[in-house]
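Single-structure report; data block below.
Note that the structure is predicted; figures quoted are calculated from it, not measured.
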Amino acid sequence: MFDITLIAMGKLKEKFYISAAEEYKKRLGGYCKFTLLELPEARLPEEPSNTEILAGLEKEADLIFSKIPKGAWFCVFTPEGKELSSEKLAEKLKEVKLSGKSSACFLIGSSFGMASRVKEKADFRLSMSPMTFPHHLARIMVLEQLYRAEAIQAGSKYHK
């Protein structure tokens, strides 16, 4: 069974987001071995300087790199990434599976983004949209799209 890991910086706090995340995690479990890793964001002052932000992102990068499954295809969500339709995301995941990879790892960075070295290490950079979304909502959207991609590959009627 294919393994999918989603690394998300920060914890969900609102019950409705937690409930939605649990539902999609459960659904994904029918198609793959799914793991969600919540990692802590670097602690920064209320009004951080650019230097403090960059230092925080570097700390987060070390933690992120320690959690990416060995040999996994690695995809980061970033505004400068490529936009894909749901069908194209399903095709991309299918390509990864057919390439011989047994796992994929996706990353949603922190509210300040991610260190450039994390983006450079990625096998693929994916943009959700040119719009900006709250990170907690983005996580639910990513979970839904991963579920949809798996459902499309399986020929499910979920995707219309």
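- When hydrophobic side chains of Ile, Leu, Val, Met, Phe, Trp and Tyr are connected at separations under 4.5 Å, Met1 ends up as a singleton with no cluster partners.
- Residues meeting the salt bridge (Lys or Arg N to Asp or Glu O under 4.0 Å) test with Glu60, sequence neighbours left out: none.
- Applying the salt bridge (charged side-chain N to carboxylate O under 4.0 Å, His left out) test to residues at least two apart or on different chains, the pairs with a partner in residues 72-84 are Glu80-Lys119.
- Sorted by first then second residue, the salt bridge (charged side-chain N to carboxylate O under 4.0 Å, His left out) pairs that include residues 2-11, not counting sequence neighbours, are Lys11-Glu38.
- The side chain to side chain donor-acceptor pair (under 3.5 Å) check on Arg148 picks up Glu144, His159, with sequence neighbours excluded.
- For Glu23, the side chain to side chain contact (heavy atoms under 4.5 Å, CB included) criterion is met by Lys26, Arg27, not counting sequence neighbours.
- Screening residues 29-55 for ring-ring contact (aromatic ring centres under 6.0 Å, His included) gives Tyr31-Tyr147 as the qualifying pairs, with residues at least two apart or on separate chains.
- Sorted by first and then second residue, the salt bridge (charged side-chain N to carboxylate O under 4.0 Å, His left out) pairs involving residues 62-76 (not counting sequence neighbours) are Asp62-Arg117.
- Relative ring orientation between Tyr17 and His136 is described as tilted, the plane-to-plane angle lying within the 30° to 60° band.
- Every pair tested for salt bridge (charged side-chain N to carboxylate O under 4.0 Å, His left out) that includes a residue from residues 103-116 fails, sequence neighbours excluded, so the list is empty.
- Considering only residues two or more places apart in sequence or on other chains, Ser102 meets the side chain to side chain donor-acceptor pair (under 3.5 Å) condition with none of them.
- Legend: side-chain hydrogen bond (donor to acceptor under 3.5 Å, both in side chains) pairs involving residues 46-55, not counting sequence neighbours, sorted by first then second residue: Ser49-Glu52.
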For residues 93-101, run the donor-acceptor check on the side chains, cut-off 3.5 Å, and write out each pair with its distance to 0.1 Å, sequence neighbours left out.
from, atom 1, to, atom 2, distance (Å)
Lys97, NZ, Glu150, OE1, 2.9
Lys97, NZ, Glu150, OE2, 3.0
Lys97, NZ, Gln153, OE1, 3.1
Ser99, OG, Val96, O, 2.6
Lys101, NZ, Gly71, O, 3.1

